[in-house]
Participant: 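Please find one structure pasted underneath; my questions will follow.
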Amino acid sequence: MSDTADDIADDTATRTRSGPGRILIAVYAIFALAATARSAVQIATRFDEAPLAYLLSAFAAVVYIIATVCLARGNRTSRRVATVSIVVELIGVLTIGTLSLVDSQAFPDATVWSGFGQGYGYVPLVLPVLGLLWLRKTQVGDR
Amino acid sequence: MIDALSTTLTYVALGAALWALVLLIADKPLQPLRRSSLAVLGLLALLELGLLVQTVLGFVRMFGTDRELDKLTFGGYLVGSLVVLPLAVFWALAERSRWGPGVLLVGCLAIPVLILRLNQIWSTNV
């Protein structure tokens, strides 16, 4: 019985950020950077033009940052937060993606999630799915 | 901005990406003293140096031009292009498996995209 809870927790954290997970986190980090920079510029220079779209941009940026950090930390609580933020991300990209096509008037300027992430090679659509699959694959215990 | 330097940097980045992909497929983790690792890291150092030159030139031209330009975005991409590779290398070196080069692959593929966007921003509103 030398396997303490701490050891298991360390294992989980290591597993979450190792192997393919490391690439996943790298891609998340790039999107966190891109979305943050983009929304910062939008909000700083022309917020009145499309407040809704720019607030959504900022929201997307926050979601990417949380997901990146939590995946990289990878302990139990972080994994839970990561799961929630990635689900929010998936809902976000599907909702904004649909709305931006149906009602383009509401989104005069693009966000990361417009057209299902069209401007970013649809990576924003694929990323949350891979994220959830990865969290599922690396989970232990609770099953 | 479209000139020899940004074209060269694009090709070097794609070359480094290809190399990283080969390391990934051949299952060669990054190791400080391994020749294949040193080669890709050296290439990335060279690439980063080129990107630094591009950023300096970019800012010089940005402040020297009369044309209408979204300066904040343009400057953001110039600075952003310098951040990606060091972070990728840092994140890749901590991984002792084939996925270390995989992280470099992702970082290298981001560079041509950034350069493309830079050129797009430079050529709009002429």
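Side-chain atoms are counted along with the backbone in the values below, which use heavy atoms only and exclude waters and symmetry mates. These numbers were taken from a predicted model, which means no experiment stands behind them. Numbered from 1 within each chain, the chains take letters A, B, ... in sequence-line order.
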Participant: Can you establish whether the number of heavy atoms outside R98(B) located under 6.0 Å from its atom CZ is more than 12?
Facilitator: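 Yes, CZ of R98(B) has more than 12 neighbouring heavy atoms, counting only those of other groups under 6.0 Å.
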Participant: Using the rule that two of Ile, Leu, Val, Met, Phe, Trp, Tyr join whenever any of their side-chain heavy atoms come within less than 4.5 Å, decide whether L47(B) and L87(B) are in one cluster.
Facilitator: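 No, separate clusters.
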Participant: Are L130(A) and V69(A) co-members of a hydrophobic cluster defined by side-chain heavy atoms under 4.5 Å apart?
Facilitator: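 In one cluster: no.
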Participant: To the nearest 0.5 Å, what is the distance between CD (Q42(A)) and OG1 (T73(B))?
Facilitator: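 OG1 of T73(B) is found 8.5 Å from CD of Q42(A).
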Participant: Please flag which part of A88(B) lies under 4.5 Å from any non-hydrogen atom of chain A: side chain, backbone, both or neither.
Facilitator: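 Neither; nothing under 4.5 Å.
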Participant: Does V112(A) share a hydrophobic cluster with V129(A), counting links as ILVMFWY side-chain heavy atoms below 4.5 Å and allowing steps through other members?
Facilitator: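 They do share one cluster, since a chain of ILVMFWY contacts under 4.5 Å joins V112(A) to V129(A).
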Participant: Looking only at atom types and distance, does a side-chain atom of W99(B) sit under 3.5 Å from a main-chain N or O of G21(A), one as donor and one as acceptor?
Facilitator: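 Checked: no pair found.
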Participant: Is it the case that the side chain of E95(B) and the backbone of G19(A) share a donor-acceptor pair, with hydrogens and angles ignored and the cut-off at 3.5 Å?
Facilitator: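 Yes, the answer is positive, given that a donor and an acceptor are paired below the 3.5 Å cut-off.
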Participant: Can you tell me which portion of T45(A) sits under 4.5 Å from chain B's heavy atoms? Options are side chain, backbone, both or neither.
Facilitator: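 When you check distances to chain B, only side chain atoms of T45(A) fall under 4.5 Å.
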Participant: Are L133(A) and Y122(A) linked, directly or through other ILVMFWY residues, by side chains that come within less than 4.5 angstrom of each other?
Facilitator: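 Same cluster: L133(A) reaches Y122(A) through Ile, Leu, Val, Met, Phe, Trp or Tyr contacts under 4.5 Å.
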Participant: Does V84(B) share a hydrophobic cluster with I65(A), counting links as ILVMFWY side-chain heavy atoms below 4.5 Å and allowing steps through other members?
Facilitator: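 Different clusters: V84(B) never reaches I65(A) through Ile, Leu, Val, Met, Phe, Trp or Tyr contacts under 4.5 Å.
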Participant: With no hydrogens and no angle check, is any side-chain donor or acceptor of R22(A) less than 3.5 Å from a backbone partner on W91(B)?
Facilitator: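 A pair under 3.5 Å: yes.
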Participant: Testing V106(B), L114(B), L109(B) for side chain to side chain contact (heavy atoms under 4.5 Å, CB included) with I30(A), which one passes?
Facilitator: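 Passing option: V106(B).
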